[in-house]
Number of protein chains: 2
Amino acid sequence: MKIYSGIPKHLVAVDCIIFGYDIMEKELKLLLIKRGFEPAKGKWSLAGGFVYENESLEEAAARVLYNLTGLRNVYMEQNYTYGEVDRDPGARVISTSFYALIKIQDIDRELAEKNGAHWRSISRLPELIFDHTRMVERALNELRQQAKVKPVGFELLPETFTLVQLQDLYEAIYQRKIDKRNFRKKILSMNLLEKLDEKEKITSKRGAWYYRFIPEKYEVFTQKGFYFNLDVS
Amino acid sequence: MKIYSGIPKHLVAVDCIIFGYDIMEKELKLLLIKRGFEPAKGKWSLAGGFVYENESLEEAAARVLYNLTGLRNVYMEQNYTYGEVDRDPGARVISTSFYALIKIQDIDRELAEKNGAHWRSISRLPELIFDHTRMVERALNELRQQAKVKPVGFELLPETFTLVQLQDLYEAIYQRKIDKRNFRKKILSMNLLEKLDEKEKITSKRGAWYYRFIPEKYEVFTQKGFYFNLDVS
DNA sequence: TATTTTAATTGTATCTATTACACTTAAAAA
DNA sequence: TTTTTAAGTGTAATAGATACAATTAAAATA
């Protein structure tokens, strides 16, 4: 096809900001990789890759994530596109960032290790290559906004979780203490959780009830015109 | 340079969703163009263009806007990147959308006309090419979110405006009636406006006081930990 | 078996923000 | 002088957000 001939083309990449929540350490983490190739070999970076001719950006990001973790059908959200001419010293690369929310325990550890991937807490990240630190900051901001108004937090937790664990997650995301009674009041009042007949007994003698997030309840909730809201003191 | 050799490259474009507010008709409008070239010649579309080798996405978007309107230093916000393989039937083009907020009266009318640009109300948009309708929807959503929590509305108004005009703008953005007293109470309580010693006397005998948004006041306001909020009934 | 220990669970009162609502006023026109 | 028209103004009721501490369940220990 002759259309659009003579127009410059660009290398286009995707970079994935992969969030996971460590339920024991109560820390929000990022899956980072030590680059095994030039430029910046040996430096920490986000998981990324070039976009092929026959795939969309979303497909490319899903592929990168799959190759690193073995996971498919992960919650991903496009975040921002970085197009500064000099952002990659190797060549001009335009990169679209996506953030992914995954359940840490689900990843293929062997595969991740083979690719040089490591979990690092967001509160003490290493220096990252290029503009990846900016990418992380923007993605974290976005996640913080989203977690207030959409039930995305559950993507980071196991299928079943206790209210204490859910609150710990939110405290890790926002890096601040939340009032226990207010938090429970608010999340339970939305009626999106199902209380199970089972207790988590590792962290306390008494044990804490397990809950499960029910997507169908959320559907009904939104269809009735309600809005998810976990913006709590 | 041999780095990254053998990797497929892509056409990359930007598309601009150019918002303007018609203060007389009380309508939010988009500056759309009738395409003068194939594919889809004669159809309505957003203003767009390919990204050159020596410019960032933001620079490309600013250039497209400048060429159409003669305006520089316009409020623009990157919105989303559309990378579906088949989104443009002419060739595979990856396009990043930006929305721009401009003061309708500021544009170079002659230049705009020469480029086939026309203002169209958002409440009755024509059919647009490709995925441009989706782009507009997403941008409008984004604008609606932003206008609640950031003082972006003023970008769409003349330097001086009346509170009635400001409210009309918000009603046009959200397509619903807002309570006059509550709106005024809220905007004035933030202390971001300066009341001028002059009245707008065209639309009423009594006249309405002109105000001006003071960016410096907004700086102080945010530095004190306050957040802009015009989410009003 | 009774006591201790520890984390989970629960409710209310106060404060703040949002909402609903209608009359008065300024100024030109008649 | 009266009429007309849009601008401008305040308060009470409601809902939502916040601050705050004692009780309970269950294992571990004495």
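In what follows, every chain begins at residue 1, and chains take the letters A, B, ... in the order their sequences are listed. Please read these numbers as outputs of a predicted model, since none were measured by experiment. Atom set for the values below is all heavy atoms of this structure, side chains included, hydrogens, waters and symmetry mates excluded.
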How does protein contact run along nucleotides 3-10 of chain D, one letter per nucleotide 5' to 3', with B for base contact, S for sugar-phosphate only, - for none, heavy atoms under 4.0 Å? -BSSBBBB
Does B:Thr81 have any side chain to side chain donor-acceptor pair (under 3.5 Å) partners at least two apart in sequence or in another chain, and if so, which?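 With neighbours one apart ignored, the set is A:Thr81, B:Thr96.
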I'd like to check the side-chain contact (heavy atoms from CB on, under 4.5 Å) partners of [X]; sequence neighbours left out, ordered by chain and number.
X        : value
A:Asn115 : A:Leu68, A:Leu111
A:Pro126 : A:Leu32, A:Trp44, A:Arg120, A:Leu128
A:Glu84  : A:Arg87, B:Ser56, B:Glu58
B:Arg72  : B:Tyr66

Donor-acceptor list for residues 155-179 of chain A side chains, cut-off 3.5 Å, not counting sequence neighbours:
{"unit_1": "A:Thr162", "atom_1": "OG1", "unit_2": "A:Val164", "atom_2": "N", "d": "3.4"}
{"unit_1": "A:Thr162", "atom_1": "OG1", "unit_2": "A:Gln165", "atom_2": "N", "d": "3.0"}
{"unit_1": "A:Gln165", "atom_1": "OE1", "unit_2": "A:Thr162", "atom_2": "N", "d": "3.0"}
{"unit_1": "A:Gln167", "atom_1": "NE2", "unit_2": "A:Glu171", "atom_2": "OE2", "d": "3.0"}
{"unit_1": "A:Gln167", "atom_1": "NE2", "unit_2": "A:Ile178", "atom_2": "O", "d": "2.7"}
{"unit_1": "A:Tyr170", "atom_1": "OH", "unit_2": "A:Ala147", "atom_2": "O", "d": "3.0"}
{"unit_1": "A:Glu171", "atom_1": "OE1", "unit_2": "A:Lys177", "atom_2": "NZ", "d": "3.4"}
{"unit_1": "A:Glu171", "atom_1": "OE2", "unit_2": "A:Lys177", "atom_2": "NZ", "d": "3.3"}
{"unit_1": "A:Glu171", "atom_1": "OE2", "unit_2": "A:Ile178", "atom_2": "N", "d": "2.9"}
{"unit_1": "A:Tyr174", "atom_1": "OH", "unit_2": "A:Arg144", "atom_2": "O", "d": "2.5"}
{"unit_1": "A:Tyr174", "atom_1": "OH", "unit_2": "A:Lys148", "atom_2": "N", "d": "3.3"}
{"unit_1": "A:Arg176", "atom_1": "NH1", "unit_2": "A:Val232", "atom_2": "O", "d": "3.4"}
{"unit_1": "A:Arg176", "atom_1": "NH2", "unit_2": "A:Val232", "atom_2": "O", "d": "3.0"}
{"unit_1": "A:Asp179", "atom_1": "OD1", "unit_2": "A:Arg181", "atom_2": "N", "d": "3.1"}
{"unit_1": "A:Asp179", "atom_1": "OD1", "unit_2": "A:Asn182", "atom_2": "N", "d": "2.9"}
{"unit_1": "A:Asp179", "atom_1": "OD1", "unit_2": "A:Asn182", "atom_2": "ND2", "d": "3.4"}

Quickly work out the A:Asp231 CG to D:dG16 C1' distance and round it to whole Å.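 Rounding to the nearest Å, CG of A:Asp231 and C1' of D:dG16 are 12 Å apart.
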Between atom NZ in A:Lys177 and atom P in D:dT18, what is the gap in whole Å?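 My rounded result for the distance is 16 Å.
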Among residues two or more places apart or on two chains, list those pairs meeting salt bridge (charged side-chain N to carboxylate O under 4.0 Å, His left out) that have a residue in residues 16-25 of chain B.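 As it turns out, the salt bridge (charged side-chain N to carboxylate O under 4.0 Å, His left out) pairs with a partner in residues 16-25 of chain B, which skip direct neighbours, are B:Asp22-B:Lys29, B:Glu25-B:Lys29.
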So where does chain B start and stop touching DNA chain C, 5' to 3', when the test is distance under 4.0 Å to a non-hydrogen atom?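 Taking any atom under 4.0 Å from a heavy atom of chain B, the span is C:dT18 to C:dA28.
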Listing, residues 202-218 of chain B side-chain donor-acceptor contacts under 3.5 Å, not counting sequence neighbours, or none:
{"unit_1": "B:Thr203", "atom_1": "OG1", "unit_2": "B:Glu200", "atom_2": "OE1", "d": "2.8"}
{"unit_1": "B:Thr203", "atom_1": "OG1", "unit_2": "B:Glu200", "atom_2": "OE2", "d": "3.4"}
{"unit_1": "B:Ser204", "atom_1": "OG", "unit_2": "B:Gly207", "atom_2": "N", "d": "2.8"}

Take the C1' atoms of the five end pairs on each side of the helix from C:dT1-D:dA30 to C:dA30-D:dT1, derive the two axes, and give their angle rounded to 10 degrees.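 The end axes of the helix from C:dT1-D:dA30 to C:dA30-D:dT1 are about 10° apart, to the nearest 10°.
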Under the salt bridge (Lys or Arg N to Asp or Glu O under 4.0 Å) test, which residues partner B:Arg63, sequence neighbours left out?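 Once residues adjacent in sequence are excluded, the partners of B:Arg63 under the salt bridge (Lys or Arg N to Asp or Glu O under 4.0 Å) criterion are B:Glu55.
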When you look at B:Tyr21 and B:Phe19, which way does the ring-ring contact (aromatic ring centres under 6.0 Å, His included) test go after all the steps? CA-CA 7 Å; B:Tyr21 176 64; B:Phe19 287 104; over 10 Å; no
